[in-house]
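What follows is one structure encoded as structure tokens, with my remarks underneath.
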Amino acid sequence: MKFGKEFKIHLQETLPEWRDKFLCYKPLKKLLKHFHNNINNNIISNVNGDFQAWFVGLLNEELDKFNDFYVETEEDFVIRFQELKERIERVRENRERDGVTASESEFSDEMMDIRKEFVNIHGEMVLLKNYSSLNFAGLVKILKKYDKITGGLLRLPFTQLAAHQPFFTTEPLTQLVRECEANLELLFPLEEEVTESTVNKTAAPPLTDITNIPLQQQQPGNGTGTGTGTHDLYRSTLSAIRTIQGLKYSSTYNPLSFAVIFRDRDDEGSGAITAENSPCNPGHASDDGDTIDPGDD
């Protein structure tokens with residue numbers, strides 16, 4: 001599937017409040033197509049420095065958007081995660097009040113609510129990591145189109161710039177994901193579904209491999225969700241992960257190919273993007289390693 005279509009599908013399935021935070025992939029692609037048509041129709045004769053400066057300005061605005069959203073969301077995760085840990089301590093302290101053991105059902109309900117919050121924040125962290133990867137992938141594709149249409153050499157320097165931006169520097173977030181998973185494993189070691197249902201309980205998938213959850217098991221009423229919000233979060237996260245995995249497996253080796261970029265990020269060891277270290281699937285590859293369909297995307 002073309003990247004543009006994958007990107008569109010993910011935007012449709014991601015959290016609604018996140019949609020306008022993603023790369024304006026389609027408008028940028030249309031802008032380049034329009035510019036290309038003007039060159040072919042001799043409306044403009046060549047690419048001048050003014051156009052490149054203007055286009056780079058657009059891309060810089062996109063980087064600012066990514067950075068602002070990523071940093072703000074990551075800071076929110078840090079605060080929420082700390083509040084959850086403090087909440088656990090309060091529950092433990094209150095379990096025995098005045099020498100009287102608190103109701104087991106009350107304790108269990110409170111702990112299950114905490115567990116739900118842990119699962120939710122873990123899913124959002126995974127989604128933010130994939131937000132980073134998808135936007136970076138989109139930038140690479142747009143830059144490739146720019147160089148192809150204009151004959152310029154913008155892709156390499158701008159990709160290097162983007163790779164050092166806050167939105168693509170995910171080590172602190174990766175550590176937060178690990179800590180969240182460790183807390184879940186420590187506090188809730190039972191072999192139960194990660195998101196507890198008040199009616200049904202099923203076996204939990206490993207926390208670091210949520211990509212293997214069948215889509216039909218996420219539907220309301222199947223015992224895998226705590227409500228619409230959790231269901232939507234799982235659906236959004238799975239959509240992002242599948243898109244990234246498609247990019248990784250459809251690329252041949254090249255220092256700037258999607259497969260290499262995302263394989264390097266997998267080495268950070270988070271639960272965000274899980275993949276086996278298997279050879280990439282064969283495909284028709286462009287000169288830079290991304291699989292393309294006739295007509296490109």
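Along the sequence shown, residues are numbered consecutively beginning with 1. Everything numeric in this text was worked out from a predicted model, so none of it was measured.
- Using modelled atom types, no side-chain atom of Arg155 and backbone atom of Lys144 make a donor-acceptor pair closer than 3.5 Å.
- Between Asn135 and Phe168, the closest side-chain pair of non-hydrogen atoms is not below 4.5 Å.
- Around atom NZ of Lys85, more than 12 heavy atoms belonging to other residues, nucleotides or ligands sit under 6.0 Å away.
- In this structure, the side chains of Pro166 and Glu74 stay at 4.5 Å or more apart for every pair of heavy atoms.
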| task | Apply the test side-chain contact (heavy atoms from CB on, under 4.5 Å) to residues Asp147 and Leu156: give CA-CA distance (whole Å), side-chain angles for both, the deciding distance (0.1 Å), then the verdict. | result | CA-CA 10 Å; Asp147 284 359; Leu156 179 59; over 6 Å; no

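- Gln175 places none of its side-chain heavy atoms less than 4.5 Å from the side chain of Glu171.
- Taking NZ from Lys33 and CG from Asn38, the interatomic distance works out to 12.5 Å, rounded to the nearest 0.5 Å.
- Closest heavy-atom contact between Leu63 and Ala162: CD2-CB, 4.1 Å.
- No side-chain heavy atom of Phe69 sits less than 4.5 Å from a side-chain heavy atom of Phe22.
- Atoms CD and CG, from Gln82 and Leu84 in turn, are 9.5 Å apart once rounded to the nearest 0.5 Å.
- Contact between Leu23 and Phe7 at its shortest, heavy atoms only, is O-CE2, 3.5 Å.
- For the side-chain contact (heavy atoms from CB on, under 4.5 Å) with Phe81, the qualifying choice from Glu117, Glu179, Glu86 is Glu179, the only one to do so.
- Between the side chains of Tyr146 and Gln52, at least one donor N or O sits under 3.5 Å from an acceptor N or O.
- Residues Val71 and Val78 do not share a hydrophobic cluster, defined by chaining ILVMFWY side chains whose heavy atoms lie under 4.5 Å apart.
- To the nearest 0.5 Å, atoms CG (Leu186) and CD1 (Ile88) are separated by 8.5 Å.
- At least one side-chain heavy atom of Thr170 sits under 4.5 Å from a side-chain heavy atom of Tyr70.
- Separating the NZ atom in Lys145 from the CG atom in Leu28 is a distance of 11.0 Å, to the nearest 0.5 Å.
- The backbone N or O of Lys21 lies less than 3.5 Å from a partner atom in the side chain of Tyr131, making a donor-acceptor pair.
- In this structure, the side chains of Thr73 and Trp18 come closer than 4.5 Å at one or more pairs of heavy atoms.
- Placement of Leu134 and Leu161 within a single hydrophobic cluster is found when ILVMFWY residues are connected by side-chain heavy-atom separations under 4.5 Å, directly or transitively.
- In this structure, Leu153 is not a member of the same hydrophobic cluster as Val140, with clusters built from ILVMFWY side-chain heavy atoms closer than 4.5 Å.
- Glu93 and Arg90 are not joined by a salt bridge, as no carboxylate oxygen comes within less than 4.0 angstrom of a charged side-chain nitrogen.
- Looking at Arg87 and Glu110, a side-chain N of the basic residue comes within less than 4.0 Å of a carboxylate O on the acidic one, giving a salt bridge.
- Judged by distance alone, with hydrogens and angles left aside, the side-chain atoms of Glu62 form a donor-acceptor pair with the main-chain N or O of Cys24 at under 3.5 Å.
- With sequence neighbours excluded, the residues that form a salt bridge (charged side-chain N to carboxylate O under 4.0 Å, His left out) with Glu89 are Arg92.
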| What do the steps show when you test Gln165 against Phe66 for side-chain contact (heavy atoms from CB on, under 4.5 Å), and what is the final call? | CA-CA 9 Å; Gln165 296 297 306; Phe66 303 156; over 6 Å; no

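- Looking only at side-chain heavy atoms (C-beta outward), Phe55 and Leu32 come within less than 4.5 Å of each other.
- Considering CD of Gln12 and CZ of Arg19, their distance stands at 8.0 Å, rounded to 0.5 Å.
- Here the side chains of Thr159 and Leu139 are not in contact, with every heavy-atom distance at 4.5 Å or above.
- Atom CE of Met111 sits about 8.5 Å away from atom CZ of Phe118, to the nearest 0.5 Å.
- At a threshold of 4.5 Å between side-chain heavy atoms, the hydrophobic network of Ile, Leu, Val, Met, Phe, Trp and Tyr places Phe35 and Trp54 in one connected group.
- Crowding of Glu72 atom CD: a count of heavy atoms from other residues, nucleotides or ligands under 6.0 Å not exceeding 12.
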